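Right, one structure below, let's go through it.
In each ligand, atom 1 is the first atom listed, and ligand 1 is the first ligand listed. The structure displayed is predicted, hence computed values, not measured ones.
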Amino acid sequence: MTPSLSLHIIPLLIFHILLLAPPSPAEAGNGQWHLLQESIGIVGMHMQLLHNDRVVILDRTDFGFSNLSLPNGRCRNNPNEMVVKTDCTAHSIEYDVAVNKFRSLFVQTNVWCSSGSVSPDGTLVQTGGFNDGDRAVRALTPCRTCDWREVDNGLSARRWYATNHILPDGRQIIIGGRRQFNYEFYPKTQSTAKNTYSLPFLVQTNDASAENNLYPFVFLNVDGNLFIFANNRAILFDYNKNSVVTTYPQIPGGDPRCYPSTGSAVLLPLKNLRESKVEAEVLICGGAPRGAFTDSLSGRFTGALKTCARIKITDPKPSWVMETMPGGRVMSDMVLLPNGDVLIVNGASVGTAGWELGRNPVLNPFLYKPSNRIGSRFELQNPSSIPRMYHSSAVLLRDGRVLVAGSNPHTYYNFTNVMFPTELRLEAFSPAYLEPGFSNVRPTIVSPSSQTKVKYGETLKVGFEVIASLNNDSVSVTMLAPPFATHSFSMNQRLLVLEPQNLSKVGESTYEVEVTAPGSSVLAPPGFYLLFVVHREIPSHGIWVRMGKSRFVGGHLLAVRYEQIKFK
Ligand SMILES: *[C@@H]1O[C@H](CO)[C@@H](O)[C@H](O)[C@H]1NC(C)=O
Ligand SMILES: *[C@@H]1O[C@H](CO)[C@@H](O)[C@H](O)[C@H]1NC(C)=O
Ligand SMILES: *[C@@H]1O[C@H](CO)[C@@H](O)[C@H](O)[C@H]1NC(C)=O
Ligand SMILES: *[C@@H]1O[C@H](CO)[C@@H](O)[C@H](O)[C@H]1NC(C)=O
């Protein structure tokens with residue numbers, strides 16, 4: 001080897017070593033997209049992950065035929081349907097994450113622009129819709145062969161574009177919907193079966209021309225009241241007393257954030273849960289300026305909102321803090337990641353929600369890091385190649401990927417001659433924390449086992465393995481309530497951060513961390529959660545845990561339980 005050659009090789013070797021060194025979380029790449037299915041046969045308008053690691057996906061029934069047949073020659077004969085009265089195609093599926101397969105489900109009424117929540121026993125209870133489905137209640141219990149069961153008039157009022165939230169007693173509240181300035185509960189007691197309760201806030205926030213208050217953003221605050229955001233402002237609401245507790249200021253600028261000026265919103269991760277006063281913050285991003293909907297209808301497409309507004313909803317004098325995204329976004333989904341970051345994905349930079357009203361898809365997700373200093377919270381992520389416009393959705397999976405489906409800005413299943421063809425492809429976005437370079441720092445949970453029951457306030461020991469040396473200052477345990485995602489809003493999405501109280505090394509590369517489970521059903525409504533160990537911002541795969549009592553709902557409160565209802 002000549003000296004001159006070796007001189008060339010040494011820098012090359014150093015260069016290679018640098019390349020092979022695992023990236024540190026701070027300098028991580030920007031995520032990867034993977035196509036999972038060329039076609040799932042239906043549009044992913046609504047998605048919900050259940051505790052058997054299957055994602056229930058729903059589409060409206062009145063588009064016409066989907067691209068997926070119902071098995072065994074089954075058909076829906078429904079004289080009330082708008083387009084086809086006899087339909088042998090599926091409009092709902094169950095996607096099995098572990099094996100990347102799906103089976104069709106038989107939904108009997110129109111779920112178009114409906115809503116839902118998972119009840120404490122893990123059953124998806126899905127409400128409302130359009131036409132024959134507008135007062136329907138549907139239940140899907142997770143099991144290999146289970147299918148939808150429905151009651152036609154389970155709701156007291158028709159609910160189309162309503163928002164649901166699970167309550168501490170296990171019931172769900174169903175708020176608003178088109179021309180419904182009220183709310184109701186499900187399941188019901190015999191005495192309240194016909195009741196709706198008025199909510200004048202929904203009248204006050206209803207724009208004459210475009211509403212802009214549909215699918216309101218609803219979060220259960222840590223004091224037990226509901227934070228309800230519609231149009232450009234919010235209230236804190238006591239649903240038991242039917243009274244407004246706090247009126248929050250309008251978002252600076254005054255532009256609407258709710259359907260059809262569809263922005264998105266999350267309750268930021270709840271921390272310091274053992275303190276007497278837990279703080280809660282809400283982040284609302286994107287949307288479309290006032291007038292954008294009527295402008296789009298007449299062919300004038302306006303740029304989407306570039307701003308996010310963040311507010312401490314537990315503050316005695318709450319005020320919005322404005323931030324600027326890397327670009328404008330409308331119809332985006334905000335997904336809480338296990339490490340507390342927020343992924344803003346899907347949507348467009350021009351136009352509004354609604355048929356044919358969006359333009360310029362935004363293919364790059366934005367990652368928002370809530371704990372960074374203001375001004376350095378956004379990171380641009382790698383783009384997908386698939387536009388995800390109106391009727392698209394995104395949900396987090398147990399392994400940390402984000403499942404993305406849907407997009408259909410037309411009245412029918414149009415695959416040709418349209419600007420944004422109906423989209424049946426299923427994709428996953430892998431955030432940078434899934435890069436193989438992090439396998440040494442990524443925790444693996446070894447105990448407890450999946451489906452463990454957790455009592456409120458109990459000390460929970462979580463065993464995990466980390467191959468590289470542990471940075472014991474940056475371990476946390478998080479619990480995520482998997483949401484019902486539709487129309488850019490994820491109902492019931494909630495991430496709880498459990499600070500380690502005691503961390504000990506129990507083996508060569510195994511550790512045990514002690515945390516206190518959330519102290520009440522106000523902090524964590526009963527039901528199934530995904531529990532993660534996070535080390536240096538890299539999350540483990542989640543395990544399923546079940547919070548609270550095993551009974552469906554708060555016992556005596558309910559004379560009628562959904563098990564007792566006569567489902568078709
Ligand atoms: C769906 O079905 C239609 C009609 O049969 C067909 O033209 C189209 O290619 C199919 N699309 C997909 C993505 O399978
Ligand atoms: C969309 O599909 C419907 C139903 O098949 C059809 O009537 C309509 O012409 C299609 N629209 C376009 C733009 O191709
Ligand atoms: C921390 O855990 C270790 C090992 O399980 C135990 O010996 C110790 O008592 C615990 N300390 C506290 C403060 O809980
Ligand atoms: C955490 O790390 C520090 C510094 O290495 C060490 O002194 C401390 O004992 C560790 N604590 C636990 C619980 O492992």
Side-chain angles (χ1 to χ4, degrees), residues 33-47 55-97 99-107 110-113 129-133 260 296-301 331 345-346 348 350-361 363 383-395 403-429:
W33 286 91
H34 300 281
L35 184 67
L36 300 176
Q37 293 285 342
E38 269 298 335
S39 170
I40 53 169
I42 69 164
V43 172
M45 178 176 21
H46 313 311
M47 288 208 283
V55 179
V56 176
I57 307 180
L58 290 151
D59 191 5
R60 55 184 283 199
T61 60
D62 59 355
F63 278 126
F65 302 125
S66 77
N67 278 45
L68 182 69
S69 297
L70 286 165
N72 309 322
R74 291 174 84 191
C75 298
R76 206 162 50 101
N77 294 304
N78 187 339
N80 298 319
E81 261 302 350
M82 312 262 292
V83 178
V84 275
K85 316 281 179 200
T86 299
D87 184 356
C88 308
T89 66
H91 300 283
S92 177
I93 66 163
E94 182 198 66
Y95 173 72
D96 187 339
V97 177
V99 295
N100 188 25
K101 287 192 172 145
F102 56 93
R103 67 179 176 101
S104 52
L105 297 173
F106 192 1
V107 68
N110 195 351
V111 294
W112 180 21
C113 298
F130 186 68
N131 192 19
D132 64 341
S296 299
L297 284 175
S298 50
R300 290 191 305 276
F301 296 95
M331 293 185 282
V345 64
N346 299 346
V350 170
T352 69
W355 304 129
E356 321 288 350
L357 299 183
R359 295 290 184 275
N360 296 24
L363 301 172
S384 168
S385 59
I386 304 175
R388 299 289 183 177
M389 309 295 277
Y390 190 43
H391 285 179
S392 61
S393 59
V395 291
L403 191 71
V404 172
S407 188
N408 185 10
H410 325 290
T411 333
Y412 299 101
Y413 275 75
N414 290 102
F415 300 101
T416 50
N417 304 324
V418 284
M419 200 176 298
F420 299 106
T422 298
E423 188 52 70
L424 305 180
R425 282 175 288 179
L426 184 71
E427 282 175 296
F429 178 72

Short N or O distance, Asn67 and ligand 1, threshold 3.5 Å exclusive: yes
[Y] side chain reached by [X] side chain, heavy atoms, under 4.5 Å:
X: Arg359; Y: Met419; result: yes
X: Cys113; Y: His46; result: no
X: Pro71; Y: Ser104; result: yes

Salt bridge or not between Lys101 and Asp96? Use side-chain N to carboxylate O under 4.0 Å. no
If the criterion is any heavy atom closer than 4.0 Å to an atom of ligand 2, which residues make the list? Tyr412, Asn414, Thr416, Asn417, Val418
Enumerate the atoms of ligand 1 whose separation from the nearest heavy atom of Leu424 is less than 4.0 angstrom. 12 (C), 13 (C)
Residues 58-65 side chain polar contacts: donor-acceptor under 3.5 Å, at least two apart:
{"residue": "Asp59", "atom": "OD2", "partner": "Val43", "partner atom": "N", "Å": "3.1"}
{"residue": "Asp59", "atom": "OD2", "partner": "Tyr413", "partner atom": "OH", "Å": "2.4"}
{"residue": "Arg60", "atom": "NE", "partner": "Asp62", "partner atom": "OD1", "Å": "2.4"}
{"residue": "Arg60", "atom": "NH2", "partner": "Asp62", "partner atom": "OD1", "Å": "2.7"}
{"residue": "Arg60", "atom": "NH2", "partner": "Asp62", "partner atom": "OD2", "Å": "3.2"}
{"residue": "Thr61", "atom": "OG1", "partner": "Glu81", "partner atom": "OE2", "Å": "2.5"}
{"residue": "Thr61", "atom": "OG1", "partner": "Asn110", "partner atom": "OD1", "Å": "3.4"}
{"residue": "Asp62", "atom": "OD1", "partner": "Asn110", "partner atom": "ND2", "Å": "3.3"}
{"residue": "Asp62", "atom": "OD2", "partner": "Asn110", "partner atom": "ND2", "Å": "2.9"}

ring-ring contact (aromatic ring centres under 6.0 Å, His included) with Phe420: which residues, sequence neighbours excluded? none
ring-ring contact (aromatic ring centres under 6.0 Å, His included) filter on His91, not counting sequence neighbours, yields none
